[in-house]
Amino acid sequence: MGFYLSKSRTVMHNLKPKLGSLGVMFHQSSGIASFYHHQESQSGLIKNLGAGSCNRPTLFTIWRSEHFKAEKQLDCKQNCGGPQVLNFPGGNVKFTSELDFLPEGLEERVHCYRILDENGQLTSSNFVQCFQISDELAVRMYTYMAMLQTMDTIFYEAQRQGRISFYVTAIGEEAINIASAAALQLDDPVFPQYRESGVLLWRGFTLQEFANQCFGNKNDNCKGRQMPAHYGSVKHNYFTVASTVATQVPHAVGAAYSLKMDRINACSITYFGDGGTSTGDFHAALNFAAVMEAPVIFFCRNNGWAISTPVGDQFRSDGIVVRGQAYGVHSIRVDGNDALAIYSAVRAARQMAITEQRPVLIEALTYRGGHHTTSDDSTRYRSAEEIEWWRVAQCPVSRFRKWLEKEGWWNSDAETELRASLRKQVLHAIQVAEQVEKPPVADIFTDVYDAPPSNLHEQETTLVEAIEKHPKEYPPNFSC
Amino acid sequence: MAAMLHTIGVASPVASGGVFPDHQSNKFAVSSLHSLPVIRSEARSNLSSLHESYRAGKLIAKAVATKGENAAASGASKPGHELLLFEALREGLEEEMERDPRVCVMGEDVGHYGGSYKVTKGLAPKFGDLRVLDTPIAENSFTGMGIGAAMTGLRPVIEGMNMGFLLLAFNQISDNCGMLHYTSGGQFTIPAVIRGPGGVGRQLGAEHSQRLESYFQSIPGIQLVACSTPYNAKGLMKAAIRSENPVVLFEHVLLYNLKERIPDEEYVLNLEEAEMVRPGEHVTILTYSRMRYHVMQAVKTLVNKGYDPEVIDIRSLKPFDLYTIGNSVKKTHRVLIVEECMRTGGIGASLTAAINENFHDYLDAQIICLSSQDVPTPYAGTLEEWTLVQPPQIVAAVEQLCQ
């Protein structure tokens, strides 16, 4: 149930600090009160909120208030003890007589937040105290990173063998996948692009379910409707992958809006690559989220490549992190190969998003270790040495393992055992999935609408008749 | 525009009464619909094999007009209240928002401004800024936002200030709205309503005179309806909001100020049903939205000339109500389609194909389809008028058909 309840006094009280941070002049005028909307309890449809009134002030009502009346310009006289200031729409602006253009970027690139270096050495002494990562959690994270790596390797090989038609690996981005998932809760809806299967893996989607989806068999929870690696699971709060780039980014904002309306203690998160940030959807979604004060985390996997387009051809800004400020969104750049950095950043971002009801942008710098998909051969546009260097020197999985070993929580025996077990599990899942038959013909026509309309029934009948008439023209295990 | 008075009656010989459908019925306020005859979907299916499981289980309320306006018939039920079409839309929207707190509205200028055509006027002060959300100018993205909100439990009503702007939202509508229910294996539903005015107005220029209904036709997974009277506007708005499927509701810029008396009791119309505007014997005229009024104007002339046309407002653009249309074709054997769409690839084009395919044997003459020319709508008033189908053309077409 969604509803919005606000009481003017509380909102105004909470509003002041916020306005201060935005440099907006606030007028105590009676007109403002009329803009705070009272949701009268409407015959049982509104749940009783208990003692709390809404603590989430909204700014958008303010903007349309007396704020922009002409009289306000007179107020600048009070503030003028130096350069002339004018209260333009949007806030006070100081004037200058220097003809200065802002440079296209800062002199130095925005610094990157990192905790573990390539040797698995902690670079911050008080990290563990701050975030208290237990050995259990750390080992679990490592296990899942290894699981993702194994799954990707073997599924990729299966595609090369012709057993599945297509696959998308996340090689090089295991830390992004697992560590960010570990920092979230199941209540946080995830809107992925397509290189985040580790998030679903962490949440409990089994290897068998992954295999079923890739083979599109009748046990696939998506009923064979989507390409391999286009997973979706309502149980795991992971929204079905669509091939379209960055269309999920506004979806995440809509979900955050829904969470905000229902006052749920969660935030939504969406992932996208460097290429996705060029789209109109990315721009508008960040803008909306900022204006609406929506609790959403925008996680950009800046892995250097959008198919064959390097970031230098994608944008000329200092990556994605600087864009946050352009929209009024808190942002941070993290080392995408450092699981601890990602974990801590996402946890902090989640906290911020929920308690302060604001969007947060995280840019994780990393490298796309594999090809764009199995339909791509990236050696055609980048050197094998470059790929090799990143996969070995910056591998997030080995880095994390080194740290675990330093902490005494992991050793080479455990490693051998884990790898062997994972390989076996993945192979088994593939073997089982391969044998299961494909979904029935009826599944072509269901879920287009809530109930199949007459024209689809007609079309189904026509198809079934055709199959019965010429069974040899159709695949052997095609059931009706 | 003449105010049309609808009387409630039964058009086809179908047994009504019996047990009402099930699970969904409590949401349709069955009890308040005593005065409206409800036609069981199962009963209808006995008459046509084409509709075997025609939406079994959904409540249907049918509105039918008698020949010409008949003031006496209004005494049969409560007087109701008079309002304009945009107010009817607002009433439907408001009732649904009161009934279900998950219903929310988003669009440009829908909040404090009350909407460019005042459809959402008064809703923001009543329900709050969050439930009637003003969005920045990015149609694709706020449609996407609506889809995300719908997948997480809300029921958004997304307003396109003009349907032409929905072209920007096409990616989200086609690839996500229409598809995600299917590609997720039924796990995620998108009960969103996308609505807005379209059609040729008064010299609004080519970009703001778009008729995009046909562009959306082949998107699987969405439903399209077009309202034309305050009565059906309110009923369709409510039905669209309650539907679990994404629905695109097409309104028309010039019909917002139509006045009509509508019932005080709550009613919900069927999204897939056409409306019998005027029963007749000689020819079936299929139309929707504003062209309905051009047709009815032509009908006055035709009646004087001795013709008896049957006029059906198809209302449901996807899927077509081939049941009602088919029955009419079987009766009259002549079809005229009058639409505002362009000639090529318009709704009329698919409707012609559908009728030819399904009812070829019943046709005594080739279907005539009157549409606008394949030109961008000119600004000049005279030119604009000439790109639209006018009553004299309709009269001529009927005369030609009935030779």
Side-chain angles (χ1 to χ4, degrees), chain A residues 1-6 37 39 42 45-46 58 60-61 64 189 191 220-223 225-226 230 232-234 239-240 242-244 247-262 268 280-281 283-285 287-288 291-292 446-455 457-458, chain B residues 50-57 98-102 104 111-112 124-131 133-136 138 140-154 156 171-172 175-176 179-189 220-221 223 243-245 272 319 322-323:
Chain A
M1 298 296 214
F3 46 81
Y4 184 65
L5 188 71
S6 79
H37 309 297
Q39 179 80 310
Q42 308 210 340
L45 287 179
I46 311 295
T58 56
F60 36 80
T61 52
R64 285 178 225 89
F191 290 85
D220 171 19
N221 73 334
C222 295
K223 301 183 192 168
R225 306 260 175 76
Q226 256 294 12
H230 286 60
S233 174
V234 65
F239 285 74
T240 307
S243 310
T244 45
T247 49
Q248 74 280 5
V249 186
H251 293 177
V253 179
Y257 166 70
S258 179
L259 293 173
K260 193 181 169 79
M261 283 256 267
D262 290 352
S268 66
D281 276 348
H283 152 79
N287 195 34
F288 279 36
V291 169
M292 257 182 26
T446 50
D447 300 321
V448 181
Y449 296 99
D450 53 349
S454 61
N455 64 324
H457 273 299
E458 242 180 83
Chain B
L50 283 176
H51 294 259
E52 279 162 280
S53 54
Y54 183 83
R55 297 301 185 135
E98 280 171 359
R99 181 182 166 268
D100 185 348
R102 297 171 300 169
C104 54
H112 286 271
K126 182 171 176 185
F127 295 106
D129 266 345
L130 209 50
R131 264 183 96 184
L133 189 67
D134 274 328
T135 62
N140 201 37
S141 313
F142 67 68
T143 307
M145 218 184 88
I147 293 168
M151 288 198 288
T152 39
L154 294 184
N171 187 22
Q172 288 283 357
D175 283 342
N176 291 333
M179 281 190 197
L180 279 168
H181 182 64
Y182 186 76
T183 59
S184 68
Q187 293 184 83
F188 300 105
T189 54
Q223 279 187 263
S243 168
E244 290 305 310
N245 300 313
E272 295 100 26
L322 290 178
Y323 177 75

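Naming convention: chains lettered A, B, ... in sequence-line order (proteins, then strands); numbering from 1 in each chain. Worth saying up front: this structure is predicted, and the values here are computed from it rather than measured.
In this structure, A:T446 OG1 and B:H181 NE2 are separated by 8.0 Å, a value rounded to the nearest 0.5 Å. A distance of 8.5 Å separates CG of B:L133 from CE of A:M261, quoted to the nearest 0.5 Å. Here OH of A:Y449 is found 9.0 Å from CD of B:E272. Values are rounded to the nearest 0.5 Å. In this structure, CE on A:M292 lies 7.0 Å from CG on B:L130, to the nearest 0.5 angstrom. In this structure, B:Q187 CD and A:K223 NZ are separated by 8.5 Å, a value rounded to the nearest 0.5 Å. For the atom pair A:F288 CZ and B:D134 CG, the distance stands at 10.5 Å (nearest 0.5 Å).
Donor-acceptor pairing under 3.5 Å is lacking for the side chains of A:T244 and B:D175.
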Test side-chain contact (heavy atoms from CB on, under 4.5 Å) applied to B:L180 and A:F239, step by step: CA-CA 9 Å; B:L180 279 168; A:F239 285 74; over 6 Å; no

Candidate pair A:H251 and B:Q172, rule side-chain contact (heavy atoms from CB on, under 4.5 Å), full reasoning: CA-CA 10 Å; A:H251 293 177; B:Q172 288 283 357; 2.8 Å; yes

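Among the candidates B:P156, B:A150, B:P136, B:G146, the residue making the largest number of heavy-atom pairs closer than 4.5 Å to chain A is B:P136. Of the listed residues (A:S268, A:S233, A:G280), the one with the most heavy-atom contacts under 4.5 Å to chain B is A:S233. Chain A forms the most heavy-atom pairs under 4.5 Å with one residue out of B:T135, B:T152, B:T143, B:I147, and that residue is B:T152. Chosen from B:S243, B:G186, B:A138, the residue pairing most often with chain A at heavy-atom distances under 4.5 Å is B:G186. Heavy-atom pairs under 4.5 Å with chain B peak, among A:A256, A:P250, A:A252, at A:P250. The candidate with the highest count of non-hydrogen atom pairs below 4.5 Å against chain B, out of A:V253, A:L259, A:N221, A:V249, is A:N221.
For the pair A:Y257/B:C104, a side-chain contact is recorded, criterion being any heavy-atom separation below 4.5 Å from C-beta on.
Here the shortest heavy-atom pairing between A:A242 and B:N176 reads CB-OD1, 3.6 Å. In plain terms, the two heavy atoms of A:S258 and B:L154 that are nearest each other are OG-CG, 3.5 Å.
For B:N171, the part lying under 4.5 angstrom from a heavy atom of chain A is the side chain only. The contact between A:A255 and chain B is made by backbone and side chain atoms together, counting heavy-atom distances below 4.5 Å.
Side chain of A:D450 to main chain of B:N245: no donor-acceptor pair is present (N/O by atom type, distance under 3.5 Å, no hydrogens or angles).
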